[in-house]
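Every chain is numbered from 1 and lettered A, B, ... according to where its sequence line falls, protein lines coming before strand lines.
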Number of protein chains: 2
Amino acid sequence: MSGDTLRIDRSAKTLRTLALERMREAIMGFHFQPGERLVERPLCDQLGVSRSVVREVLRQLEAEGLVQMIPGHGPAVAKPDLGRTDEIYELRALLEGIAARACALTATDAQIASLDAALTNLLEAWASGAPVEVMRATTKFYETLFEAADKRIAWEIVTGLNVRINQLRSMTIASENRREPAIAEMTEIMDAIRSRKPDEAEEAARRHVESAWQIARNTLRLG
Amino acid sequence: MSGDTLRIDRSAKTLRTLALERMREAIMGFHFQPGERLVERPLCDQLGVSRSVVREVLRQLEAEGLVQMIPGHGPAVAKPDLGRTDEIYELRALLEGIAARACALTATDAQIASLDAALTNLLEAWASGAPVEVMRATTKFYETLFEAADKRIAWEIVTGLNVRINQLRSMTIASENRREPAIAEMTEIMDAIRSRKPDEAEEAARRHVESAWQIARNTLRLG
DNA sequence: CATCATCTTATGGTATACCATACTATGGAG
DNA sequence: CTCCATAGTATGGTATACCATAAGATGATG
């Protein structure tokens, strides 16, 4: 990691907020490698802010699970918790399942229209072939889903879980032959919601997570 | 809030860690009222540490959901999110349910013995009649349960959820006639786990949360 | 040549100083 | 008497200085 591509300039929001977002994006976008040390003073130079700001940002990222404090060595980019991936996928299946169910039960027509739009966007992202776009559109789709299901807390939790398996997720999406199944699964979720079938919606959502889980397992087994 | 009962002295861990724990306890123990402003400089005086420490602690507490930043006014003790209590109890029922199930399926005899011990402790706490003791023992019991179920992430999530309804929880425990039903429900969970009946364990755990939920609803309706 | 001790430096922890801004109180004008 | 303007103060945002400690390098001694 070098250069000053991270440098922020002060304008609207607080420096801290800007720095936080910049760092979060940088870590999630793999501009830092998992396990890479985040030495405070170099970070100050790269971001162009003082240590106070950097340290507060690191505390926040630590609480979010993106940064780990290594005793005696300070902060480092959190390494994905491979021993916990099963639990994480299990929880995602559970949570996305209940959200899809609630959505099928209570979403307004307008909300379903938003979901449709988000799905269209997701299909376009798959067509574009850029994994980062697919990931963003997927996130957006689920955000809309949880919003329509009125499960704000559950959404926060899922977001937190995804942070921990960010690397795995991007590998899953980039894996060969993921496109068609993923599109089919998402379409099933959408269809079940549209036709107001809660059981089917929950099942479809769980299946989708479980199929991603399967791929993640394979990825881990290989290397 | 006044006096210097919070003052920390530097010894083993970092000042920041100590201050963090002290503040977390103070908020969870209602030494600060929900909504109360947490002005930085007075906090420095009360804790006996510098603003750097206080600010980093506040960032961490903010990320944990115990502190909210009010735009233009700085930090304040987070007010319970009354509009989200239903969702929180729903999630707790879900998570504690799967933990109890997994525990019934996979816990070792030693782990079940630990659970038994934690339950005994909980019964003693109920006998003592001190709500704060009951809450601590309850937390300990569930921590043991999730540990035995090997659901570390789920436990972190439950802990985070409980932070948001801390106030409500303490009122629930302190409510009249809660003691006997609570003891009965916990005993059912324990019995189901001991006799390795996953379905019953999950059901019992859900019932326990739902009965607390019911009381919380009543509490909210009244006051 | 290996090993240990010591010195240097890198790093995080803590405190403080300074600045910009937003709230508040007070006084004057209408 | 009321309302607005202005000054003062409280508060958070940012930067920097200082200190303790732990890691790493270098040299001396066996």
Side-chain angles (χ1 to χ4, degrees), chain A residues 1-2 4 6-24 26-27 32-33 35-64 66-79, chain B residues 1-2 4 6-24 26-27 32-33 35-64 66-79:
Chain A
M1 190 76 205
S2 72
D4 51 8
L6 296 178
R7 167 165 270 104
I8 73 165
D9 75 356
R10 53 217 313 173
S11 51
K13 294 176 279 190
T14 67
L15 266 185
R16 193 165 45 77
T17 310
L18 291 171
L20 176 65
E21 288 168 5
R22 202 58 67 88
M23 282 299 296
R24 198 188 284 128
I27 293 176
F32 296 104
Q33 293 308 308
E36 185 173 342
R37 295 271 309 272
L38 295 171
V39 184
E40 296 183 355
R41 268 168 264 244
L43 264 186
C44 296
D45 298 339
Q46 289 179 272
L47 291 164
V49 298
S50 75
R51 274 185 74 207
S52 321
V53 173
V54 166
R55 285 180 62 89
E56 288 180 35
V57 164
L58 287 174
R59 287 282 122 9
Q60 202 133 344
L61 292 172
E62 183 190 359
E64 288 176 20
L66 281 150
V67 162
Q68 285 175 327
M69 297 301 291
I70 304 174
H73 286 80
V77 178
K79 279 191 280 201
Chain B
M1 196 73 206
S2 72
D4 51 6
L6 294 180
R7 168 166 269 103
I8 73 167
D9 75 357
R10 55 216 312 172
S11 50
K13 295 175 279 191
T14 67
L15 266 186
R16 194 165 45 76
T17 309
L18 292 170
L20 177 65
E21 288 168 6
R22 202 60 67 88
M23 282 299 295
R24 197 188 284 128
I27 293 175
F32 295 105
Q33 292 308 306
E36 185 174 342
R37 294 273 308 273
L38 294 172
V39 183
E40 294 182 358
R41 266 169 265 244
L43 264 186
C44 297
D45 298 340
Q46 290 180 270
L47 291 164
V49 299
S50 75
R51 274 186 73 209
S52 320
V53 174
V54 165
R55 285 179 62 90
E56 288 180 34
V57 165
L58 287 173
R59 288 283 125 355
Q60 201 133 347
L61 292 172
E62 182 190 0
E64 289 177 18
L66 280 151
V67 162
Q68 286 174 326
M69 297 300 292
I70 305 173
H73 285 81
V77 178
K79 280 190 278 199

Short side-chain N/O contact to dT14(D) OP1/OP2 from Ser50(A), under 4.0 Å | no

Residues at least two apart in sequence or cross-chain that pass side chain to side chain contact (heavy atoms under 4.5 Å, CB included) with Gln60(B), listed by chain then number, are Arg59(A), Glu62(A), Arg16(B), Leu20(B), Glu64(B)

Ser50(A) and Cys44(A) have their tightest heavy-atom pair at C-SG, 3.8 Å

Nearest heavy-atom contact between Gly35(B) and Ala76(B) is O-CB, 3.9 Å

Taken in chain and number order and not counting sequence neighbours, the residues that satisfy salt bridge (charged side-chain N to carboxylate O under 4.0 Å, His left out) with Arg51(B) are Glu40(B)

Please enumerate all protein N or O atoms sitting under 3.5 Å from an N or O of nucleotides 11-13 of chain D, with distances to 0.1 Å.
{"unit_1": "dG12(D)", "atom_1": "OP2", "unit_2": "Glu40(B)", "atom_2": "N", "d": "3.1"}
{"unit_1": "dG12(D)", "atom_1": "N7", "unit_2": "Arg41(B)", "atom_2": "NH2", "d": "2.5"}
{"unit_1": "dG12(D)", "atom_1": "O6", "unit_2": "Arg41(B)", "atom_2": "NH2", "d": "3.2"}
{"unit_1": "dG13(D)", "atom_1": "OP2", "unit_2": "Arg55(B)", "atom_2": "NH1", "d": "2.7"}
{"unit_1": "dG13(D)", "atom_1": "OP2", "unit_2": "Arg55(B)", "atom_2": "NH2", "d": "3.0"}
{"unit_1": "dG13(D)", "atom_1": "N7", "unit_2": "Arg51(B)", "atom_2": "NH2", "d": "3.0"}
{"unit_1": "dG13(D)", "atom_1": "O6", "unit_2": "Arg51(B)", "atom_2": "NH1", "d": "2.8"}

When rounded to the nearest 0.5 Å, the distance separating CE of Met23(B) from CD of Gln46(B) is 8.0 Å

